Protein chains: 2
Amino acid sequence: MPYDPVFRVRRFNRAVTAEVGALDTSFLGRGRPLGAARVLNLIGQGQSDVAAIRDDLDLDSGLMSRLLRSLEEEGLIETVSNPQDARRRIARLTETGRCEFQAYEALSNAQATAFLARHSQPEELLRAMDIVASALRRSHIAVEEKDPRNADAIYCLGEYYAELGRRFEKGFDVSLSRDPDAGDMIRPRGVFLVATSDSLPIGCVGLKGSGGDVAEIKRLWVAPSARGLGLAKRLMAAAENCACELSIEVLRLDTNSALTEAQQLYRRTGWTEISRFNDDPYPDTFFEKRL
Amino acid sequence: MPYDPVFRVRRFNRAVTAEVGALDTSFLGRGRPLGAARVLNLIGQGQSDVAAIRDDLDLDSGLMSRLLRSLEEEGLIETVSNPQDARRRIARLTETGRCEFQAYEALSNAQATAFLARHSQPEELLRAMDIVASALRRSHIAVEEKDPRNADAIYCLGEYYAELGRRFEKGFDVSLSRDPDAGDMIRPRGVFLVATSDSLPIGCVGLKGSGGDVAEIKRLWVAPSARGLGLAKRLMAAAENCACELSIEVLRLDTNSALTEAQQLYRRTGWTEISRFNDDPYPDTFFEKRL
DNA sequence: CTAATTGTCTGACCTAAGTCAGATAAATGC
DNA sequence: GCATTTATCTGACTTAGGTCAGACAATTAG
């Protein structure tokens with residue numbers, strides 16, 4: 001007899017509303033209104049274009065202008081005209097501003113550390129926070145092409161191999177598998193796509209081409225914290241899209257019957273099972289899709 | 001190489017801050033400022049004492065007074081003097097107010113339902129939300145005495161039995177175990193304590209007395225979503241406290257070696273292992289503590 | 001070159017939220 | 001009974017946040 005789901009969601013909302021003050025105190029406690037602190041924070045993170053900041057925070061141009069001026073009067077930022085377009089302005093931190101920004105960062109980090117330290121099972125708590133954050137921000141998940149040797153890509157691949165290790169009865173050893181050469185997953189031969197949610201990598205897929213009109217889908221992975229959001233489908237669609245752009249006509253992939261959700265996805269999205277097309281020791285099921 | 005915990009907590013904070021607007025839109029969208037809506041909401045939930053509402057929302061008496069008047073002018077509430085103390089005022093909804101309150105409730109429920117419906121693994125998501133909500137509100141967890149036949153108590157016991165069923169190799173059947181008579185867990189013989197977080201039951205413990213100076217600790221349970229918060233320790237301490245009030249001198253309990261965390265807790269909090277004192281089929285380890 | 005568009009700034013104005021110093025009336029302690 | 005305390009109300013004031021219309025300068029389309 002689990003408790004009413006709607007009740008549980010509302011309880012979560014109440015908890016969060018009651019504590020957001022605390023969650024965001026990092027912005028407070030330094031004698032600056034929230035708006036100004038948020039602008040300072042964005043500038044500190046490298047957002048220099050005033051219009052972009054205004055857009056990010058959804059501010060009126062008048063209000064934005066005043067916030068910038070108040071930060072300027074405090075000596076935290078300086079603004080100059082954009083040389084490419086003198087109507088636009090660019091803001092950057094002064095030395096004092098950099099210190100102030102660092103102070104906010106330190107507060108925020110300390111608060112996060114303290115929150116975790118109060119819990120005796122922080123890994124469980126983090127897992128839960130990841131799930132909730134991904135669900136709340138599902139409409140802001142970005143799928144982008146990255147070099148497979150980029151840090152985010154390597155992180156995804158590491159997690160992918162670890163997951164295979166857990167799910168295959170005999171574990172998984174990358175060196176035994178035919179590891180695609182990075183060049184085969186970079187344009188013009190192929191692509192590597194990484195999904196990020198607020199810059200945390202939560203999924204990936206590789207399209208491994210050889211220059212011909214046949215290519216392979218490899219390394220489809222979705223973080224456990226991002227499952228249930230339809231991300232695998234989205235990654236596969238994006239990869240197929242890239243394949244079209246690269247004039248690829250036939251896609252193939254190999255998979256293992258232990259990965260049941262993946263197989264379900266393939267069958268539901270127009271893939272048909274074919275016979276073995278490589279001698280890799282891990283896969284036991286093979287699919288093909290004509291574009 | 002898991003991602004930096006501090007980064008993950010801050011990502012969660014950002015997600016929540018960005019979406020609280022959405023989480024709390026239930027309060028908006030009906031042409032009333034947040035403050036007034038929150039007061040209306042509390043009154044709707046049965047908080048009638050004006051001072052209590054002020055205390056709950058941490059409002060200045062002046063502000064509170066104005067909010068009440070604006071709701072009164074809208075015809076949503078009426079206030080009368082408290083007959084016991086004519087300085088105090090009591091607020092209650094009018095018929096119109098009840099409709100308006102129901103409209104807020106409906107909005108809030110619809111929003112929660114929609115959020116869950118967007119996710120294809122809602123049970124996973126709810127579990128995560130419970131964990132986060134309990135951690136955020138850990139300082140507001142209430143431990144209260146309840147009748148063991150009360151709905152919250154029955155819910156806790158059901159979850160407790162279900163958990164034993166999962167953890168004992170041969171499952172668990174309540175009818176085979178010596179189920180304490182409800183009367184033995186009500187004062188003056190004993191007590192039953194339930195921990196709730198924002199009215200969701202998340203833990204319980206029973207003190208089963210017989211009228212003499214020996215009593216037993218039974219049914220210690222903490223919801224999976226509330227583990228890591230030190231709740232078991234707090235429940236045990238509360239139960240011991242009650243035992244002292246009831247002039248009980250010796251506490252005993254039986255447990256199973258499959259429940260490792262529980263045993264650890266007992267050993268760390270002054271309990272000593274003793275020999276079997278009943279013929280219940282499930283326990284295999286027995287403890288005692290002199291108060 | 002001219003007209004329209006774009007990005008920023010400024011002043012006037014507004015609401016929500018909250019603080020503070022009394023005023024008032026009821027209740028309580030002695 | 002009288003002084004003190006308590007709960008609420010009222011008016012004056014402040015801050016944060018935000019809207020709106022127009023000014024101004026730079027850019028772009030034709």
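Just so you know, these numbers come straight off a predicted model, no measurement behind them.
- Remark: the backbone N or O of B:Ile131 is not paired with any side-chain donor or acceptor of B:Arg227 at under 3.5 angstrom.
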message: Could you go through A:Arg11 and B:Asp130, starting from their C-alpha distance and side-chain angles, then the distance that decides it, and tell me whether this counts as salt bridge (charged side-chain N to carboxylate O under 4.0 Å, His left out)?
response: CA-CA 8 Å; A:Arg11 166 179 177 252; B:Asp130 284 345; 3.6 Å; yes
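- Atom CZ of A:Arg98 is surrounded by more than 12 heavy atoms from other residues, nucleotides or ligands within 6.0 Å.
- Between the CG atom of A:Leu68 and the P atom of C:dT8 there is a distance of 9 Å, rounded to whole Å.
- Going from atom CE of B:Met64 over to atom P of D:dT10 covers 14 Å, rounded to whole Å.
- Protein atom CZ of B:Arg69 is 18 Å distant from nucleotide atom P of D:dA7, rounded to whole Å.
- Nearest-nucleotide assignment on DNA chain D puts the 5′-proximal partner with B:Arg89, out of A:Asp58 and B:Arg89.
- Atom CZ in B:Arg38 sits about 13 Å away from atom C1' in C:dA16, given to the nearest Å.
- Each of B:Ala51 and A:Ser61 was matched to the nucleotide of DNA chain D holding its nearest heavy atom; the match closer to the 5' end belongs to B:Ala51.
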Heteroatom pairs (N/O) under 3.5 angstrom, protein to nucleotides 28-30 of chain D:
none

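- In this structure, the side chains of A:Phe7 and B:Leu200 come closer than 4.5 Å at one or more pairs of heavy atoms.
- Heavy atoms from other residues, nucleotides or ligands lying under 6.0 Å from CZ of B:Arg92 number 12 at most.
- Between the CG atom of A:Leu57 and the P atom of D:dT19 there is a distance of 13 Å, rounded to whole Å.
- Whole-Å rounding puts the B:Asp60 CG to D:dT10 C1' distance at 12 Å.
- Of the candidates D:dT10, C:dG18, D:dT8, the closest approach to any side-chain atom of B:Leu59 belongs to C:dG18.
- For B:Arg66 and D:dG11, a side-chain-to-base donor-acceptor distance below 3.5 Å is present, hydrogens and geometry of angles not being considered.
- Remark: C1' of D:dT10 and CD of B:Glu73 are 14 Å apart, rounded to the nearest angstrom.
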Pick out the pairs of N or O atoms, protein on one side and nucleotides 13-17 of chain D on the other, that lie under 3.5 Å.
{"residue": "D:dG17", "atom": "OP1", "partner": "A:Gly35", "partner atom": "N", "Å": "3.4"}

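- For B:Ala86, whose side chain is taken as the heavy atoms from C-beta onward, the closest listed nucleotide among C:dA26, D:dA26, D:dC20 is C:dA26.
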- request: Assess whether side-chain hydrogen bond (donor to acceptor under 3.5 Å, both in side chains) is satisfied between B:Arg87 and B:Asn82, documenting all intermediate values.
  value: CA-CA 7 Å; B:Arg87 290 169 310 177; B:Asn82 185 324; over 6 Å; no
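- Among B:Ile77, B:Val50, B:Leu76, the single residue meeting the side-chain contact (heavy atoms from CB on, under 4.5 Å) criterion with B:Ile43 is B:Ile77.
- Residues A:His140 and A:Asp198 are not in side-chain contact: their nearest non-hydrogen atoms beyond the backbone lie 4.5 Å or more apart.
- Counting to the nearest Å, the C1' atom of D:dA25 and the CG atom of A:Asn82 are 15 Å from each other.
- Contact of the B:Glu100 side chain with the B:Arg32 side chain is registered, since non-hydrogen atoms from C-beta on lie closer than 4.5 Å.
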